[in-house]
Protein chains: 2
Amino acid sequence: MTEPHDILFRTLADPTRRALFERLCREGEKTVGALTAKAGVSQPVVSKHLSLLKQAGLVRDRHEGRQTHYSAQLDALAPLVDWTGRMTRFWEARFDDLENLLRRMDQ
Amino acid sequence: MTEPHDILFRTLADPTRRALFERLCREGEKTVGALTAKAGVSQPVVSKHLSLLKQAGLVRDRHEGRQTHYSAQLDALAPLVDWTGRMTRFWEARFDDLENLLRRMDQ
DNA sequence: TTTTTATATAGCTGGATGGCTATGGGTTCG
DNA sequence: CGAACCCATAGCCATCCAGCTATATAAAAA
């Protein structure tokens, strides 16, 4: 019952965590320290969020000496795009049916 | 700080709630009773979830006698689509910069 | 080696929330 | 009218989780 988009919705639902992901998308690779500086929460909290983002496949980490660099893994958003696309197509399919019905009623 | 996509992520993060929205997208308008029958949770829980979906603009309700019909409001997903699009464009912009850099280095 | 720096982990706590049952409000049926 | 029905609300409880501080781990610097 656990679809691929499920973990994405859950992970991106938290504003702090989503803001971290957005910064990585906008500004590219960043260290934990750099992210913490403007995150508005403590460093352990940032680390925890990055860990969850990594679990969801939304970020990668790269170790360099004593610092860890994180970067967005954008293709991880694909299941989200697919899901919204599917929902839209369901809607359109039912709309087409309605159109057909109306067309038949017209004759 | 509360962006339009924020409430969508939060609302769709819950699997039960998202399943209700999916059913409304797939199968069109449904009464609370019909939704409850296959939701796996009690009727009050379904009502509560529908209320939150409505607050998020994801569904509409239509009262008819003693029953309430709910239907998906699909254009409400637009901020979600916009957000994923923006993230993707940030990524591509940085990728283009990298390409330019490599091109300059090549010369 | 000792100290400082960078990040991760452990443990705690308050607040948010999803589930339940019980009940209220309103509608249709007998 | 009263009974049955549909849905929403109220109130409660357990669980989850985002935040904190303290500490462990590990690397660079002194």
Side-chain angles (χ1 to χ4, degrees), chain A residues 1-3 5-24 27-73, chain B residues 1-3 5-24 27-73:
Chain A
M1 195 61 188
T2 292
E3 304 278 350
H5 57 262
D6 184 81
I7 191 174
L8 294 182
F9 274 118
R10 254 186 313 124
T11 304
L12 293 171
D14 181 74
T16 305
R17 195 156 50 226
R18 195 174 57 246
L20 286 171
F21 178 69
E22 284 195 35
R23 277 196 66 198
L24 291 175
E27 309 174 12
E29 193 181 71
K30 294 270 178 226
T31 67
V32 176
L35 290 170
T36 300
K38 297 187 179 179
V41 291
S42 67
Q43 173 267 315
V45 168
V46 171
S47 279
K48 180 68 176 171
H49 282 309
L50 290 171
S51 165
L52 292 175
L53 285 169
K54 184 182 169 187
Q55 254 185 266
L58 287 165
V59 301
R60 304 176 57 238
D61 60 348
R62 179 174 67 82
H63 298 280
E64 184 180 339
R66 56 183 163 181
Q67 37 194 6
T68 309
H69 298 257
Y70 282 88
S71 54
Q73 192 76 0
Chain B
M1 193 64 185
T2 291
E3 304 278 350
H5 57 261
D6 184 82
I7 192 174
L8 294 182
F9 273 119
R10 251 184 320 122
T11 304
L12 294 171
D14 180 74
T16 305
R17 196 156 49 224
R18 195 174 57 246
L20 286 171
F21 178 70
E22 283 194 37
R23 277 197 64 198
L24 291 175
E27 309 173 13
E29 193 181 71
K30 294 271 176 222
T31 68
V32 176
L35 290 170
T36 300
K38 298 186 178 179
V41 291
S42 67
Q43 174 267 314
V45 169
V46 171
S47 279
K48 181 67 178 171
H49 281 309
L50 290 171
S51 165
L52 292 175
L53 286 168
K54 183 181 171 190
Q55 253 186 267
L58 287 164
V59 301
R60 302 176 58 237
D61 59 348
R62 179 174 68 81
H63 299 279
E64 184 180 340
R66 55 183 165 181
Q67 37 195 6
T68 310
H69 298 258
Y70 281 88
S71 54
Q73 193 76 1

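In this text, all values refer to a predicted model and were calculated from it rather than measured experimentally. The chains referred to below are lettered A, B, ... by the order of the sequence lines, with proteins before strands, and numbering in each begins at 1.
- Taking the side chain of B:Asp14 as heavy atoms from C-beta on, and the options D:dC20, C:dT5, C:dG18, the nearest nucleotide is C:dG18.
- Checked against D:dC20, D:dC7, C:dA6, the side chain of A:Val45 finds its nearest nucleotide in D:dC20.
- Side chains of B:Ser51 and B:Gln55: no donor on one and acceptor on the other come within 3.5 Å.
- In terms of phosphate contacts, A:Ser42 brings a side-chain nitrogen or oxygen within less than 4.0 Å of OP1 or OP2 of D:dC20.
- The side chain of A:His49 places an N or O atom within less than 4.0 Å of a non-bridging phosphate oxygen (OP1 or OP2) of D:dG19.
- Nearest nucleotide to the B:Val32 side chain, out of D:dA8, D:dG19, C:dG18: D:dA8.
- Here the side chains of A:Thr31 and A:Thr68 are not in contact, with every heavy-atom distance at 4.5 Å or above.
- Listed nucleotides D:dC20, D:dA18, C:dC20 differ in distance to A:Val41; the shortest reach to its side chain belongs to D:dC20.
- Put simply, CZ on A:Phe9 is 20 Å from C1' on D:dC17, counting in whole angstrom units.
- In this structure, the CG atom of A:Leu12 is 15 Å from the P atom of D:dC17, given to the nearest Å.
- Straight-line distance from the CD atom of A:Glu64 to the C1' atom of D:dA28: 13 Å, rounded to whole Å.
- Here A:His63 lies out of heavy-atom contact (under 4.0 Å) with every strand.
- A:Asp61 pairs with exactly one of A:Lys54, A:Glu29, A:His69 by the side chain to side chain contact (heavy atoms under 4.5 Å, CB included) rule, that one being A:Lys54.
- Atom CG in B:Asp61 sits about 10 Å away from atom P in D:dT9, given to the nearest Å.
- Regarding contacts with the backbone of D:dA8, a side-chain N or O of B:Tyr70 is found under 4.0 angstrom from either OP1 or OP2.
- Both B:Ala34 and A:Arg17 sit near DNA chain D, but only B:Ala34 has its closest nucleotide nearer the 5' end.
- Nearest-nucleotide assignment on DNA chain D puts the 5′-proximal partner with B:Lys48, out of A:Gly65 and B:Lys48.
- In the set D:dC7, D:dA29, D:dT21, D:dA29 carries the atom at the smallest distance from any side-chain atom of A:Arg66.
- Checked against salt bridge (charged side-chain N to carboxylate O under 4.0 Å, His left out), B:Lys48 has no partners two or more places apart in sequence or in another chain.
- Counting to the nearest Å, the P atom of D:dC6 and the CG atom of B:Leu35 are 14 Å from each other.
- Following rounding to the nearest Å, B:Arg10 (CZ) and D:dC17 (P) show an atom-to-atom distance of 16 Å.
- Looking at the side chain of B:Ser47, the nearest of the listed nucleotides C:dA10, D:dT9, C:dA6 is D:dT9.
- Side-chain contact between B:Val46 and B:Thr16 is absent, with no heavy-atom pair separated by less than 4.5 Å.
- C:dT7 atom P lies 8 Å from atom NE2 of A:His69, rounded to whole Å.
- Taking 4.0 Å as the cut-off between side-chain N and carboxylate O, B:Asp6 and A:Arg18 count as a salt-bridged pair.
- With rounding to whole Å, B:Lys30 atom NZ is found 13 Å from D:dC7 atom P.
- The nucleotide whose nearest atom lies closest to any side-chain atom of B:Thr31 is, among C:dT9, C:dC20, D:dC7, D:dC7.
- As judged by a 4.0 angstrom heavy-atom cut-off over every strand, B:Thr16 is placed among residues touching the sugar-phosphate backbone only.
- One N or O donor and one acceptor, one from the side chain of A:Gln43 and one from the base of C:dA8, sit under 3.5 Å apart.
- B:Thr68 comes within 4.0 angstrom of the backbone, heavy atoms only, and of no base.
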